Amino acid sequence: MTLPEEEVAEELTPGVPGRGPRRAPSRGRVVVRRFLGSRQGAAGLAVLVVMFLLAFAGPLLSPWSYTDRDFTAFLQPPSASHWFGTLQTGADVYAVTLRGMQKSLIVGLLAALVSTALAALVGAFAGYFPGWADRTLTWLTDLLLVLPAFLILAIMSPVFGEGTWALFVLMLALFLWMVTSKIVRSMTVSLKRREFIQAARFMGVRPVTIIFRHVLPNLSSLLIVDATLNVSAAILTETSLSYFGFGIQPPDVSFGTLIADGSKTAVYAPWTFWFVAGLLVVTVLAVNLVGDALRDAFDPTSTRPR
Amino acid sequence: MTPATTPETAPAHAPASAPVLDVRDLDVSFGDVPAVRGVSFEVRPGEVLGVVGESGSGKSVTASAIMGLLPSSARVSGSVRLHGRELVGARDKELNALRGRAMSMVFQDPLSALTPVYRVGDQIAEAVRVHQRVTKEQALVKAVSLLDLVGIPHPAERALAFPHEFSGGMRQRAMIAMAIANDPDLVICDEPTTALDVTIQAQVLEVLKKARDETGAAIIMITHDLGVVAGLADRVLVMYAGRPVEVGTVDDVYYRPRMPYTVGLLRSIPRVDRGAQRRLEPIEGSPPSPAALPPGCPFAPRCPLHVAACDEAEPPLFETGPGHLAACIRWEDEAASEAEAAEAEEAEKETQAPAEAEEAREAERAVEAAVPRGEPVLRVEGLVKDYPLLRGAVFKRRVGTVHAVAGISFAIREGETLGLVGESGCGKTTTLLEILELARPQRGRVVVFGHDTARLGPAERMAIRRDMQVVFQDPLASLDPRMTVHDVVAEPLRTHGLGDSGRRVAELLTLVGLAPEHAERYPQDFSGGQRQRIGIARALALEPRLLVLDEPVSALDVSIQAGVINLLASLKVRLGLSYLFVAHDLAVVRHIADRVAVMYLGRIAEIGAVDAVYDAPAHPYTQALLSAIPLPDPARERSRRRILLEGDLPSPAHPPSGCRFRTRCPKFRTVLTEDERVLCVEAEPDVLPVGEPAGDQGAACHYAEQLDVVQPRRNSR
């Protein structure tokens, strides 16, 4: 492996010919290549893209909108005019499901991303900067941990009217991040003592850069797993809120309201339930696939070929 | 290198009785991966067999196979006979009756080998009671006498202590006491001193010798340190890639090695008795992975004597002399070349020595002319660092102070290497971190490139960070596992706004002897030596003037270590670097440093030019330290007199009054008179110049006196 001294000296002479400036194999590129190279990740990503397309472009294909009622067909099985059948109210299951999917995808993915990002930032900063930063952030985390999340969400639900889904996402995320943040904090404390962080400090790298360049990537496995779990958690929290009548309000629909309604008729009119449930399962599965592949791509010890 | 054959080549403890242990064609494999292949040897009562090899050579697996301690996933075949009784395939119950009674083991890490929740005395007593029908009280009495035997002071009190209250050396003594509790016929020691400091290692080796003499047991000593084996073993077995490649008496293996690997190992060890002028000869490449062995001789890809025939089949062990076996088809050539080399060396010594010395002096003058000496790149004056000792969970009270560094001063001039040596806990790493921190020290001054760190603005500090870089001990821990090699090496460039060009990274990787294609791999994909080269490449990225090296080679195998030392030496000359080289291994420091500072308990005990300090140490601690280092030279090792230090390093929270070394000082204890001792107890000595032509050697001892401890032939006492 090692070159003899003479050869090394030759190599060092200026203008090494024949070796053009290759594209630098930085971490970003390697991770993207490894992610796309894994079948799981590509499949999961493809499914997610298809789901988004379906949710947002799908309604254009059907003549029915989610607010329309077909008074000639109550609780009808799938047919040529109603592809997924109709509900008891005469609403088209296809249109309603896709509308619910729009909401749930956005709410689920965004809430998961926001909460994981929040957990990572608060945890890493609290762990990296001891003293008042740590105390303040830890106190904040503990405070949110003891507040009854469901109650507050329920009380605030009248505010989440039409068009304020962004606020809803924020509120959902706000109650999901604390436990992860505590884990991140303790892992940061132990990471901070590692020599590569010391090396970066002595090199003159600024603390905030160290957090983003060294601390967070080394916690990426945890964070990615957390984010994928949070997607399902957010969708389910939204579902249970909607089930109790909070959260997404009629006439708007979400997976939650649809499953709540559909479960009552699932036995004798399975189309009211199974399409929604199936899409929910596929979504969560796709998110998990993407998360797994992303984790492997970030993790250099994974044995997957790169 | 080859002295005349010593009269007592025959091992002192090898009676011609039946072997205690007879291992024949032992094979161990995990799944499809062979770990041990065809190991055969025998050990006679009272004999010490040294098993030497680098990490991954299968030596520990061999030991576990003998003890029957391998996991069930391991496939073991061949034969292991203890007093003629077959152990391979024996049932666990049978083995249990033998383990601890007929054979016992001393492990590398004494902390994890002792149960933390039981008292040490009880654990030893339990070892006795398992195999002997005695009462609890009798067993405890026996445990105390065993602790006394292994040299633990106040054994009756210490028997009541818990393992965490013992120091590393004492734990290892307790382990040895446990191992010999039932008068075993065979004691297997798996790297028993690797985790210990040199002076403690010397103590433990003495205890092992004593234990051998008391019990008459045979000892299998597994180690990677050729020095440890030289003084202790009667016969040596060298392992490589899971096979024994050379077996013979200690003198045969060290003075007349027939296997190129053994030759390479012996040449690549840095030695305290040799100066820096001699370049180490590293073995090229790294050991093969056991899963992908080369077709012929496993050492062939790294072998300097490699010929086409080597790749055809794995060589068997050839009988190259009485009781001396070597697995090399060219052993006769090796013998011939050795004779030639010995002759050449003799001739060289006679004719060329003056010329060479002249050359060296000339080179030194050239270096002196090239770089302006005298301008210190780093000056430390009276540096102090205390840590508060806190207790309590809610209300932290200060219950004491750890004086990690208690006022040390030294300077490094441009183009110079200062070695900072000392045992663990002496404050060398704290010193290094204080310097790297570039903040105002608690007391004293740190001046880097002429800037006092207490008066640095952020911009200046950044500028200094650019000129001063660090290489850490553990190459894996100091490289971010989530970064590609490119990102690792480019990080300093990016931080200091120089952009990360793939070109510069490729250049740096080539400079440290790696291929530019390696840039897109992760640090895990490299061997230890290569990782350390990546660390060095990163440190060199900004073309620094001062490199701070924290034990850069101590985590590496001997054959790899030599390559990294040579690389550091050549980079220093080529790029005009200055090094602050922190290490516990004095032999490595001798090879790389120009000056050396020996630290003890937060203070400098002795400082001076390397040759002066090593050839004529004046401080009793330096003398003890140097005499404790085992030399890979059996004849000299046997005739050497060790200065054994008693006890352990005192706690830096309660350092002794006056001279910090006086509690362990052999001079204080034996030579000095009552009146002379008063000074040691009352006054803390400063570093004062010693030596006839008052050079820059200085020792912090009231009664400093130069003494040669490395070369016994010129030893005056």
Side-chain angles (χ1 to χ4, degrees), chain A residues 1-16 18-31 33-34 190-191 193-206 209-210 212-221 223 295 297-303 306, chain B residues 282 284-286 433 436-438 461-462 465-466 468-470 472-474 477-488 490-492 495-496 500-503 505-507 510-516 519-525 527 529-530 533 535 538 542 548 550 563 566-567 570 574:
Chain A
M1 274 307 159
T2 63
L3 290 168
E5 295 298 327
E6 296 76 23
E7 256 176 76
V8 172
E10 269 174 33
E11 290 279 341
L12 266 185
T13 45
V16 188
R19 191 176 291 138
R22 279 156 34 92
R23 269 163 71 86
S26 71
R27 171 167 60 198
R29 295 213 184 89
V30 172
V31 168
R33 203 182 60 217
R34 290 182 60 172
S190 65
L191 262 183
R193 278 188 233 117
R194 297 273 295 275
E195 279 180 347
F196 63 87
I197 303 249
Q198 300 259 345
R201 272 182 57 216
F202 294 143
M203 211 179 284
V205 185
R206 281 174 309 146
T209 317
I210 289 182
F212 283 103
R213 193 184 287 164
H214 294 286
V215 176
L216 293 183
N218 273 289
L219 302 177
S220 58
S221 302
L223 295 177
R295 191 195 56 209
F298 263 107
D299 188 355
T301 52
S302 106
T303 49
R306 32 202 98 124
Chain B
E284 296 285 318
S286 45
L433 291 178
L436 286 170
E437 221 40 86
L438 289 182
R461 187 167 291 134
M462 197 69 179
R465 291 230 185 274
R466 191 177 160 164
M468 180 172 79
Q469 294 289 324
V470 57
F472 283 103
Q473 169 177 11
D474 182 349
S478 65
L479 305 174
D480 189 335
R482 294 292 166 108
M483 278 187 160
T484 60
V485 169
H486 170 90
D487 280 354
V488 166
E491 184 170 23
T495 305
H496 289 268
D500 69 80
S501 78
R503 215 190 126 81
V505 172
E507 221 173 80
T510 322
L511 178 67
V512 296
L514 295 170
E520 57 185 297
R521 296 210 225 147
Y522 285 96
Q524 282 85 333
D525 306 337
S527 67
Q530 289 175 319
R533 283 165 193 267
R538 171 175 67 181
L542 293 166
V548 176
D550 185 8
N566 283 348
L567 172 72
S570 72
R574 195 129 41 95

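A quick note: this is a predicted structure, and the numbers were derived from the prediction, not measured. Lettering follows sequence order; numbering is per chain, from 1.
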Chain A contact via [X] - which portion, at a heavy-atom distance below 4.5 Å:
| X | result |
| --- | --- |
| B/Gln469 | side chain |
| B/Thr495 | side chain |
| B/Arg538 | side chain |

**OP:** Examine distances only and state if a side-chain atom of B/His496 and a backbone atom of A/Met203 form a donor-acceptor pair shorter than 3.5 Å.
**Re:** yes
Which heavy-atom pair separates [X] from [Y] by the least distance, and what is that distance?
| X | Y | result |
| --- | --- | --- |
| A/Ala200 | B/Glu491 | CB-OE2, 4.0 Å |
| A/Ala199 | B/Ser478 | CB-O, 4.4 Å |
| A/Ala297 | B/Tyr522 | O-OH, 4.3 Å |

Is any side-chain heavy atom of [Y] closer than 4.5 Å to one of [X]?
| X | Y | result |
| --- | --- | --- |
| A/Arg206 | B/Met462 | no |
| B/Arg482 | A/Ser220 | yes |
| B/Asp550 | A/Gln198 | no |
| B/Val470 | A/Phe202 | yes |

Original post:
Relative to chain A, which of B/Met468, B/Gln473, B/Glu437 shows the most heavy atom pairs under 4.5 Å?
Top reply: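 Looking at each option in turn, the highest pair count goes to B/Glu437.
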Original post:
If you count heavy-atom pairs under 4.5 Å between each of B/Leu438, B/Leu433, B/Leu479, B/Val548 and chain A, which one has the most?
Top reply: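 Top option by heavy-atom pairs under 4.5 Å: B/Leu479.
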Original post:
Under the side chain to side chain contact (heavy atoms under 4.5 Å, CB included) criterion, do A/Arg33 and B/Glu520 qualify, and how do the steps go?
Top reply: CA-CA 12 Å; A/Arg33 203 182 60 217; B/Glu520 57 185 297; 3.6 Å; yes
